[in-house]
2 protein chains.
Amino acid sequence: MLHTYKYPRPALTVDCVVFGFDGGDLQVLLIRRALEPFKNRWALPGGFVHLDETLDEAARRELEEETGLREVFLEQLHTFGAVDRDPRERVVSVAYFALVKPSAATAATDAAEADWFPVASAAPLAFDHAEILATALERLRDKLRREPVGFELLPPKFTLSQLQRLYEAVLGTALDKRNFRKKVLGYDLLVALKETHREGAHRPAQLFRFDPAKYRRLKKKGFLFEL
Amino acid sequence: MLHTYKYPRPALTVDCVVFGFDGGDLQVLLIRRALEPFKNRWALPGGFVHLDETLDEAARRELEEETGLREVFLEQLHTFGAVDRDPRERVVSVAYFALVKPSAATAATDAAEADWFPVASAAPLAFDHAEILATALERLRDKLRREPVGFELLPPKFTLSQLQRLYEAVLGTALDKRNFRKKVLGYDLLVALKETHREGAHRPAQLFRFDPAKYRRLKKKGFLFEL
DNA sequence: GAATAAGGTGTAAAATGGACACTATGTCAA
DNA sequence: TTGACATAGTGTCCATTTTACACCTTATTC
């Protein structure tokens, strides 16, 4: 069945930049293209927007179809509309960026032709996906410093060292351990658990969890997280 | 001539939230719709994206066609894709936000069925334009505090009082005069001119201009404007 | 039980942010 | 001419925040 319009229209797609963190590097989830153009190249998961779904819904649907990921942190990033970004025809793409926890992350690769790459070594990508990735990275850095969103990249229970390593990996700077802990705990958004995390031949670390309800309450009062 | 595709496609438009400042209130530029739906309602200037232009180009073109404005500060805001945001058919709109200087602002209303409204009293708007406006306002407040962008809403030569009034109008808070001046001048981004601005029965005010080159240099060194 | 490896803690100095009130300089009208 | 008026312009002190910095703790392993 064909669809006819009075004026020509660009095709509309969504693409998702999915970030993960393995404890060392910040990673992106890419899928290997099965078809031309850019056959066998790595690309961001994404696809066409259906008429009966919002953009957010389209992004979530494509993400699940192509990577099996569900219920991730997802947010609209920017819309890319260079005239020749797709060699076949005019395609405008609404890019999203997503953050996934390590548990979900491993599930993603079990399915599909998907794999994780350290963001630093994720080239070459199909289409203008390198540009989209760069934009997403910029946004992630910004967001991480202004909103308590890092927890979306960590397990539900995590140590302060893990959190600090995440910040250091994303921001690309070394942080002072005492100052970091003082500041993070000062916001009173982390709950110390009665468990510790033991790993390696050294003292075990206190586990914490993030308290989203507390954050929502604080945010309503015009509070600003900043790191 | 008709255009046919294998799968249905949403129509793609751009809409512009154009902000201006008259010295008192923050204003938005709206146009009166000549056609159904929402005939005679006020709406954001915008229109369909052509196949041979980028999204930015489409936004600038529509802005000029509908309001006569050229060479304004323009930036992509967010893409709105609720399924029923247009009663006729599926339309996805890439929203932009623009800042215009008072000189350009007066020109805009000479043309077209366009007029300025204080942002507080801009309802009711066509489509989901109230939501788009709210999103733009939020973004403007954010941007104003983190980047020296307020100058885009002022004449090339302005006084510190004008700048302060702008910040107060947009942020909705009163600011301390001495602290404001200390901070703004401390960034060393304003150049004091050899002119003054006289108006009313009182002491004339020093005129300044913004130095964009200096700002670019500072920004490269990882400097953050914050107010 | 000694070596190892990461976890966890406090203080002092510097920089920043916020509160606060008076003088300066022009216009205008009596 | 002079005094009332209206906005321009200026500095200090205190509280808070930020930064720099080093050692002891607690587990494991051999």
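Proteins get letters first, then strands, A, B, ... in listed order; numbering begins at 1 in each. Since the model is a prediction, treat every value here as computed from it, not as a measurement.
- Side chains of A/His197 and A/Glu195: no donor on one and acceptor on the other come within 3.5 Å.
- Side-chain contact between B/Tyr96 and B/Leu63: absent, with no pair of heavy atoms (C-beta onward) separated by less than 4.5 Å.
- Under the 30°/60° scheme for interplanar angles, the aromatic rings of B/Trp42 and B/Phe117 are found to stand perpendicular.
- If you check residues 152-160 of chain A against DNA chain C, you find no residue with a heavy atom closer than 4.0 Å.
- Residue B/Ser161 has a polar side-chain atom (N or O) positioned under 4.0 Å from OP1 or OP2 of D/dA8.
- Residue B/Arg198 is in sugar-phosphate contact alone, with no base atom involved, counting any heavy-atom pair closer than 4.0 Å across all strands shown.
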query = A/Val18 and A/Val72: side chain to side chain contact (heavy atoms under 4.5 Å, CB included), yes or no, with the steps?
reply = CA-CA 9 Å; A/Val18 184; A/Val72 302; over 6 Å; no
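- Interface remark: the A/Lys182 side chain does form a donor-acceptor pair with the D/dT19 base, using a distance-only criterion of under 3.5 Å.
- When rounded to the nearest whole Å, the span between CZ of B/Phe180 and P of C/dG17 equals 14 Å.
- Using a 30° and 60° split on the angle between ring planes, B/Phe97 and B/Phe19 fall in the perpendicular class, above 60°.
- Considering only the side chain of A/Asn179, C/dG10 comes nearest among D/dA8, C/dG10, D/dA27.
- Ion pairing between a basic and an acidic side chain is recognised when a charged N comes within 4.0 Å of a carboxylate O; B/Arg61 and B/Glu65 show such pairing.
- To the nearest angstrom, C1' of C/dG17 lies 14 Å from CZ of B/Arg145.
- Residue B/Arg203 has no polar side-chain atom (N or O) positioned under 4.0 Å from OP1 or OP2 of D/dG9.
- A/Lys143 pairs with exactly one of A/Glu75, A/Glu152, A/Glu138 by the salt bridge (charged side-chain N to carboxylate O under 4.0 Å, His left out) rule, that one being A/Glu75.
- The stretch residues 168-178 of chain A touches DNA chain C through A/Lys177, A/Arg178, each having a heavy atom within less than 4.0 Å of the strand.
- The ring of A/Phe158 has its center no closer than 6.0 angstrom to the ring center of A/Phe208.
- Here C/dA29 presents its P atom at 14 Å from NE2 of B/His202, a figure rounded to the nearest Å.
- Using a cut-off of 4.0 Å between Lys/Arg side-chain N and Asp/Glu carboxylate O, B/Arg60 and B/Asp56 are scored as not salt-bridged.
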